[in-house]
Amino acid sequence: MRIGYACLAVGVPHTDMKSCMKKNVSMEKLSHLIAHNLESLDNLIGYNIKSGISLFRISSDLIPFGSSSVNTLSWQQIFCSRLEAIGQKITNSGMRVSMHPGQYTVLNSPKPEVVQRAVDDLHYHAFVLDSMGLSLQHKIVLHIGGGYGDKKTSKARFLAHCAYLDASVMQRLVLENDDRVFHIEDVLETGHVLGLPVVYDHLHNTANPCGLRKHHEHWITCCKETWKPKDGCQKIHYSQQDQSKQPGAHSFTISIAPFMDFYKSVETKDVDIMLEVKDKNLSAIKCINCTAGGKTMNTLEAEWRRYKYAVLERSQAEYLKIRALLKDKNAYPAVPFYTHIETALSKPLKQGDALNAAQHVWGYFKKAATANEKAVFYGLIDNYQRGTIPIERVKKWLFRLAVKYGETYLLDALYFSF
DNA sequence: TGACGTCAAGATCCG
DNA sequence: CGGATCTTGACGTCA
């Protein structure tokens, strides 16, 4: 059982993906961007290893315009050793990665030019994974595509268009149910015909269920049959609904209580769980810490170091409750710990609490800061109190001071990311 | 024609 | 000028 996250990490420096606009593409620019993105990917992999995260989705934006004719750079040759080195790192750590072309890669389109782009895009994805020397357990996840008012024909067209895909793609391809058109029964049917594994997406199944209203355990068991030994452990997608948005929209964080209920229902089913959620790595670590055995209070204390000022800023009451919770060094109250954090972070920001947290963080520099830095800080505080600037301005200044004075305790504080 | 989703680039504004 | 904030782009489908 692995739990992982998709594409980018919150609060981890030097892991961003850069891109550019199509009209500004040049060889020099692309070369620069790809080098940067591969460096970021390397850092992400390193972060995952350090954090005990062994399931990860690589962003399709890794190579900007990777499957477009505007990218005439021979990046496949130029960066082959770089890709191989990152792949080695992934393999050596036992990490499992995947890639997932977005909703605009539509293999079953009736338009030939759209199909051609989808084919090119899928080969690009396979090329990246192949160049990294990754085994066939590292998959490419794809949706069936559009419905075009006739699902049966649209499904048939998907089957037909798979003939345009090289073995390099087909042996990595896995199919996922979507939230609008093709539900889990459709995808299972297609998966069986093509001999391709099926990813069960829990939230999509909620938004777009099939006629047969079965419990998710039923569908996960059905999907399991589609995963052969060469494909590796069965994968599923789990996310929660953002209540304030459209059905299917991902929540900011994984709420731990409902996740634990879900987890208990699949615990013995030997599945890898990919989380799709805004706070990315943070939820992955949360869910890992609440389900993995052999963890101690040290783990929660490390998490607390990252979260504490973000919590203090939202709720002094929850801050105090967590401190009390962490007193017993022989306990491991992971679920209550994260529940308190969720409670705090869901509260609206109040000026008094925000000021209190900012003053706490300022305490790290109070002695070292120059007179000018002090004046700037209190000037910002004053403006915030008078409502002329948002608290983010104060926090950005504090972050700059943290960088300048090398306060490593603060640099990865989520206070600066929320 | 615009919504959908997603992120960062690009553009513009401000002191 | 640097920094903050607003707008656009890239993609395809569908109402």
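Just so it is clear: chains get the letters A, B, ... in the order the sequence lines come, proteins before strands, and each one is counted from 1.
- Comparing B:dA8, C:dG12, B:dT6 against the side chain of A:His250 picks out B:dT6 as the nearest.
- Side-chain N/O atoms of A:Lys23 include none lying less than 4.0 angstrom from OP1 or OP2 on C:dA10.
- Note: CD1 (A:Ile389) to P (B:dG15) measures 13 Å, nearest angstrom.
- Remark: A:His192 NE2 is packed, more than 12 non-hydrogen atoms of other residues, nucleotides or ligands lying under 6.0 Å away.
- Atom CG in A:Leu380 sits roughly 13 Å away from atom C1' in C:dG3 (whole-Å rounding).
- In this structure, A:Asp279 atom CG and B:dC7 atom P are separated by 12 Å, rounded to whole Å.
- Picking from C:dA10, C:dA4, C:dT13 the nucleotide with the shortest atom distance to the side chain of A:Val114 gives C:dT13.
- A salt bridge links A:Asp382 and A:Arg386; the closest N-O separation between the charged side-chain nitrogens and carboxylate oxygens is under 4.0 Å.
- At C:dG12, one or more side-chain N or O atoms of A:Arg117 fall inside 4.0 Å of OP1 or OP2 (strictly under the cut-off).
- In the set B:dC7, C:dT5, C:dT13, the nucleotide with an atom closest to the side chain of A:Leu8 is B:dC7.
- Comparing B:dA9, C:dG12, C:dG3 by their nearest atom to the side chain of A:Cys20 picks out B:dA9.
- The side chain of A:Lys22 contributes no N or O atom lying less than 4.0 Å from OP1 or OP2 of B:dA9.
- Residue A:Lys245 is out of contact with every strand shown, counting any heavy-atom pair closer than 4.0 Å.
- Taking a cutoff of 4.0 Å between a charged side-chain nitrogen and a carboxylate oxygen, A:Lys347 and A:Glu318 do not qualify as a salt bridge.
- If A:Leu33 and A:Gly248 are placed on DNA chain B by their nearest nucleotide, the residue sitting closer to the 5' end is A:Gly248.
- The nucleotide whose nearest atom lies closest to any side-chain atom of A:Gln246 is, among C:dT13, B:dT6, B:dG5, B:dG5.
- Going from atom NZ of A:Lys29 over to atom C1' of B:dA8 covers 13 Å, rounded to whole Å.
- Spacing between atom NE2 of A:His204 and atom C1' of B:dG5 amounts to 11 Å, rounded to whole angstrom units.
- Residue-level contact check: A:Glu392 touches neither bases nor backbone, having no heavy atom under 4.0 Å from any strand.
- Within the model, atoms CD1 of A:Ile285 and OG of A:Ser51 stand 4.5 Å from one another, a figure rounded to the nearest 0.5 Å.
- For the pair A:Lys280 NZ and B:dT6 P, the computed distance is 8 Å after rounding to whole Å.
- Residue A:Asn24 places at least one side-chain N or O under 4.0 Å from the OP1 or OP2 atom of B:dG10.
- A:Gly145 comes within 4.0 angstrom of nothing in the nucleic acid, heavy atoms only.
- For the pair A:Ser68 and A:Lys396, both in contact range of DNA chain C, the more 5′-proximal nearest nucleotide belongs to A:Lys396.
- Atom CD1 in A:Ile144 sits about 18 Å away from atom P in C:dG12, given to the nearest Å.
- Rounded to a whole Å, the CZ atom of A:Phe252 is 16 Å from the C1' atom of B:dT6.
- Between C:dT13 and A:Ser109, a contact under 4.0 Å exists linking OP1 or OP2 to a side-chain N or O.
- For A:Trp75 and A:Phe127, the gap between ring centers is short of 6.0 Å.
- Scanning atom types as modelled, one donor and one acceptor separated by under 3.5 angstrom connect the side chain of A:Tyr104 and the base of B:dG5.
- Atom NZ of A:Lys350 has 12 or fewer neighbouring heavy atoms from other residues, nucleotides or ligands inside a 6.0 Å radius.
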